Amino acid sequence: MTDRRILVTAALPYANGQIHIGHMVEYIQTDIWVRFQKLRGNRTVFVCADDTHGTAIMIRARDEGRTEEEVIAEMAQAHVRDFEAFDIEFDNYGSTNSPENRELCGAIWKSIREASLVIEKDIEQLFDPEAGLFLADRFVRGTCPNPECNAPNQPGDNCSRCGKTYSPAELIDPKSTLSGATPEVRTARHLFIELKQLHSFLDEWSQSGMHLQSEVANNLRGQFLGDPNSAEGAKELRDWDISRPAPYFGFEIPDSPGNYWYVWFDAPIGYMASTKQWCDRTGEKFDDWWKSDNTEIHHFIGKDITYFHTLFWPGMLKTAGFSLPEKVHIHGFLKVDGEKMSKSQGTFVMASTYLKHLEPDCLRYFYASKLGPGLGDIDLNLEEFVNRVNSHLVGNIVNLASRSAKFVSGGTLCEKYPDDGGLFAAAAAKADQIAELYEQCDFSAAMLEVLQLADEANRFINDRAPWTLRKDPEKAEEVRQICSIVLNLFRQLTVFLKPVLPTLAEQSSALLNSPITNWNDVKTPLVGTPVSDFKHMMQRITNEQVEAMIDDSRVDDAAEDDSDDSDSPWKDGPEALAAEPLSEECTIDDFVKVDLRVARVIAAKDVPEANKLLNLTLSLGGGETRNVFAGIKAAYKPEDLLGRLVICVANLKPRQMKFGLSEGMICAAGPGKADVFLLGVDDGAVPGQRIH
RNA sequence: GGUGGGGUAGCUCAGUUGGUGAGAGCGGCGGAUUCAUAACCCGCAGGUCGGGGGUUCAAAUCCCCCCCCCACCA
């Protein structure tokens, strides 16, 4: 046991959606770091929670006719299930909607009040009179106010065609995306934190070089803080609006009835609340973890939420007298095959979908082999994923056990570790270096080191060829010595890899009947212990499995994969044709009058007062859009359409409908109701291309 | 538009403070081997280090300009 006491957090997943493989980058990265620290003997606690508050949850609950509590309870269950399946080992998984969090929010708020950091200001905001709530920018759409643009159906903060930024109140003919109503401007009193009072503290903390990656510190200086020593001088930090008027799903501010803490105020406090729950359960003292110089606090987050964790959060902690983060570790996003994850391409893979097709350790290893200390995005190149897992893990590391264990299965390792030419000692001597790489979150470099050790071990067994010696009964002891060496080298590797591959470490422990409990297990060879029967520890993965996962993700709610029990794949009956006989012959000239185009669904929302309609915004690329009402409500959920490519009639005469102007139609097959099947297009097509 | 970060072999990426002939893994090609999940071992990569200019005895590595990609902009 060392002296270090470490509290680790991963960002709180929002309770409005399932965990996907992009989220998993962070949870796997953090879990590896935590397992590493625990293996080193450092007292380490890993807490997380669901982030549950805010408008999105409130609206979702309203749409689904449930309470917010029901929505978040269901999602918490799904999150926990996915995390467990990926071997993410939280010491406590809480919720921001907990009594502990409410209490801590109140205490921190009190400190901020007492420090005279809170001011009140009236602000004007659009209000949806039908839905009865104030609208965040993203819930308003209207015509771009730029007279040279006037693009219709633009979001409330900036125009997707001309790029102009504006306030939602400036939009021409604004509409609420919640109800379709025309919002009105209303004034409400908001509470703000005067962050500028903390400017010098934030300069010092963020620029010290101790707590943030240099890119992050530079970014904060350039974008928010400025440099007091430069010609431009320091920048003024704006006041942070931390209240929202009712109705809002969250905690009501005790000394400001009718106002609620903005979700980003209570979310990071959720780290503390989750710790509190853990403390109450284990008898630990909360202050030992959040008010002690002897505890290091490490946050792991994605680069998108840098600003909340590196300005507001330290400011809140400082003001309320809690420990500041020792380090905020920030990582980049996941791309798949070099591109953003995409639902239409099937690369938006949910954690649960991944688990239906592949083992969690494969992804854990792959991410580890790609993650460095920086905040660049990492790429899940699917071909590389298969190759790397098979070649590194199965062919190289696991293979060591596979090619040596069976010669000694049922027997024991040598009572005295034989002369191996210094291999074991050399690997043991790498322990500190590899530990430092883990410590710095440079997992890819650590994996490289381990791989090199595996190469050396493979060379060793190749040179000594126990399979040849084995044919000579007089060399049995020599064979046993060689295998004792190789199995010990294998065990070393599994110790080094235990943070990444806990399952492999278990299997290694079982094979050699000796648990791996500490990083220093790499330093002492096992002698005289029994060797169990060898069992395969890991299967090679195939392109087919990966393709199946992608296919499964492309249409994630249709087509159960266990329904193909027929002999012939084609059993097409005459019913469809009979129901809708062929039309009379037409000429090519007739056909080309209809301008069919590939289009991308860039917005999709329900039309609540219509039985069948969804309101889609289609992009033909380059800012050209079509507003379309499609009778597919029974067959598709709006969120499942977002981003996918469809075929639309782009030159259809616009038609005024009760709910708005329909400027085209999308092509689909099927009799109707739930049996509607949108036309798609093979990979490679892009919006705007004509169908010939 | 502003701020920050990137553009290095087919692919994914390393390249400390400028200095031995620019590297690794994967893929590919050739050979060897057969203990091992067609695994392992040996050999093979002439890539304008995004483009141009500059500083220097010497630059992927420093400075300037341009192009492209990403994130953030409360």
Side-chain angles (χ1 to χ4, degrees), chain A residues 137 157-158 162-165 192-193 195-196 212-227 232 235-242 262 264 302-308 310-312 315 330-333 335 337-340 366 369-408 442 444-445 447-452 454-471 479 482-483 486 490 534-542:
Chain A
D137 291 356
D157 46 3
N158 64 55
C162 70
K164 182 181 165 62
T165 58
F192 291 76
I193 294 180
L195 208 59
K196 58 174 174 266
L212 300 173
Q213 288 131 301
S214 61
E215 301 99 300
V216 178
N218 292 345
N219 186 248
L220 291 176
R221 176 157 35 77
Q223 192 161 332
F224 301 106
L225 296 166
D227 180 355
E232 295 83 32
K235 297 188 181 193
E236 180 158 301
L237 289 164
R238 285 195 226 159
D239 302 330
W240 184 33
D241 183 354
I242 53 84
Y262 175 46
W264 266 111
K303 61 184 177 180
D304 53 330
I305 53 175
T306 296
Y307 154 73
F308 297 103
T310 56
L311 292 180
F312 297 140
I330 305 182
H331 61 80
F333 295 146
K335 296 195 168 184
D337 281 342
E339 296 186 24
K340 273 187 191 171
F366 186 79
S369 76
K370 303 290 279 189
L371 277 166
L375 34 165
D377 294 343
I378 72 167
D379 188 29
L380 171 58
N381 181 296
L382 295 171
E383 188 186 347
E384 187 190 21
F385 172 60
V386 173
N387 289 336
R388 215 175 252 233
V389 167
N390 288 344
S391 156
H392 291 190
L393 237 36
V394 184
N396 207 323
I397 290 168
V398 171
N399 191 36
L400 275 174
S402 185
R403 67 197 304 203
S404 58
K406 72 172 193 181
F407 299 139
V408 282
D442 199 350
S444 62
M447 295 304 103
L448 224 50
E449 291 293 337
V450 173
L451 252 288
Q452 280 171 11
D455 281 343
E456 285 171 32
N458 269 305
R459 267 194 289 276
F460 174 82
I461 192 169
N462 237 51
D463 294 345
R464 302 291 287 267
W467 43 90
T468 307
L469 302 175
R470 191 163 149 260
K471 291 169 186 162
V479 169
I482 293 166
C483 293
V486 173
F490 168 72
F534 177 75
K535 288 194 283 260
H536 281 323
M537 298 178 176
M538 222 170 207
Q539 297 300 318
R540 297 171 66 77
I541 58 177
T542 64

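Quick caveat: nothing in here was measured; it's all calculated off a predicted structure.
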What distance, rounded to whole Å, do you find between the two [atom1] atoms, one in [N] and one in [M]?
N     : M     : atom1 : result
B/A59 : B/G19 : P     : 11 Å
B/C11 : B/A45 : C1'   : 14 Å
B/U20 : B/G43 : P     : 24 Å
B/C26 : B/C44 : C1'   : 16 Å
B/G46 : B/A22 : P     : 13 Å
B/C65 : B/A24 : C1'   : 34 Å
B/U48 : B/U8  : C1'   : 12 Å
B/G18 : B/U55 : C1'   : 12 Å

So [X], base contact, sugar-phosphate only, or nothing? Heavy-atom distance under 4.0 Å.
X        : answer
A/Gly395 : sugar-phosphate
A/Met537 : base
A/Phe308 : nothing
A/Val216 : nothing

Rounding to an integer number of Å, can you tell me how far [X] [atom1] sits from [N] [atom2]?
X        : N     : atom1 : atom2 : value
A/Ile378 : B/A14 : CD1   : P     : 11 Å
A/Asn390 : B/C11 : CG    : P     : 21 Å
A/Lys196 : B/A74 : NZ    : P     : 17 Å
A/Arg403 : B/A38 : CZ    : P     : 13 Å
A/Gln213 : B/A71 : CD    : P     : 18 Å
A/Glu456 : B/C41 : CD    : P     : 11 Å
A/Met447 : B/C13 : CE    : P     : 17 Å
A/Leu375 : B/C70 : CG    : P     : 16 Å

Return yes if some donor-acceptor pair links the side-chain N/O of [X] with the main-chain N/O of [Y] below 3.5 Å, else return no.
X        : Y        : answer
A/Ser402 : A/Val398 : no
A/Asn396 : A/Leu451 : no
A/Gln213 : A/Ile330 : yes
A/Lys335 : A/Asn381 : no

Closest to the [X] side chain: [options]?
X        : options             : result
A/Asn399 : B/A74, B/A39, B/C70 : B/A39
A/Asn458 : B/C41, B/G4, B/A39  : B/C41
A/Arg459 : B/U37, B/C41, B/C72 : B/C41
A/Asn219 : B/C72, B/U37, B/G4  : B/G4
A/Phe312 : B/A74, B/A39, B/C35 : B/A74
A/Ser402 : B/A36, B/G4, B/C72  : B/A36
A/Gln223 : B/G4, B/A39, B/C73  : B/C73
A/Glu215 : B/A74, B/C40, B/G5  : B/G5
A/Lys303 : B/C41, B/A36, B/C70 : B/C70

Pair assignment for [N], Watson-Crick or G-U wobble, requiring both distances under 3.5 Å:
N     : result
B/G25 : B/C11
B/G2  : B/C72
B/G18 : none

Can you establish whether the number of heavy atoms outside A/Glu383 located under 6.0 Å from its atom CD is more than 12?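 Not buried by this count: 12 neighbours or fewer within 6.0 Å.
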Closest nucleotide of RNA chain B for A/Met538 versus for A/Lys335: which of these residues is on the 5' side? A/Met538
More 5' along RNA chain B: A/Asn218 or A/Asn381, using each one's nearest nucleotide? A/Asn218
Would you mind telling me which of A/Tyr307, A/Phe224, A/Trp264 makes a ring-ring contact (aromatic ring centres under 6.0 Å, His included) with A/Phe312?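 Of all the options given, the one that passes is A/Tyr307.
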Which value, rounded to the nearest 0.5 Å, describes the distance between A/Leu393 atom CG and A/Asn399 atom CG? 11.5 Å
Starting at CE of A/Met538, measure out to CG of A/Asn390 and round the result to the nearest 0.5 Å.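 If we round to the nearest 0.5 Å, A/Met538:CE and A/Asn390:CG are 10.0 Å apart.
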Is a donor from one side chain sitting under 3.5 angstrom from an acceptor on the other, for A/Asn462 and A/Arg459?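 No donor-acceptor contact under 3.5 Å links the two side chains.
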Distance check: side-chain N/O of A/Lys340 vs OP1/OP2 of B/A71, anything under 4.0 Å? yes
Please write out the pairs of protein N or O atoms and N or O atoms of nucleotides 24-28 of chain B separated by less than 3.5 Å, giving the distance to one decimal.
from: B/G25; atom 1: O2'; to: A/His392; atom 2: NE2; distance (Å): 2.6
from: B/C26; atom 1: OP1; to: A/Ser391; atom 2: OG; distance (Å): 3.3
from: B/C26; atom 1: O2'; to: A/Asn387; atom 2: ND2; distance (Å): 3.1

With respect to A/Ile541, which candidate in A/Val386, A/Asn387, A/Val394 satisfies the side-chain contact (heavy atoms from CB on, under 4.5 Å) definition?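 Passing option: A/Val386.
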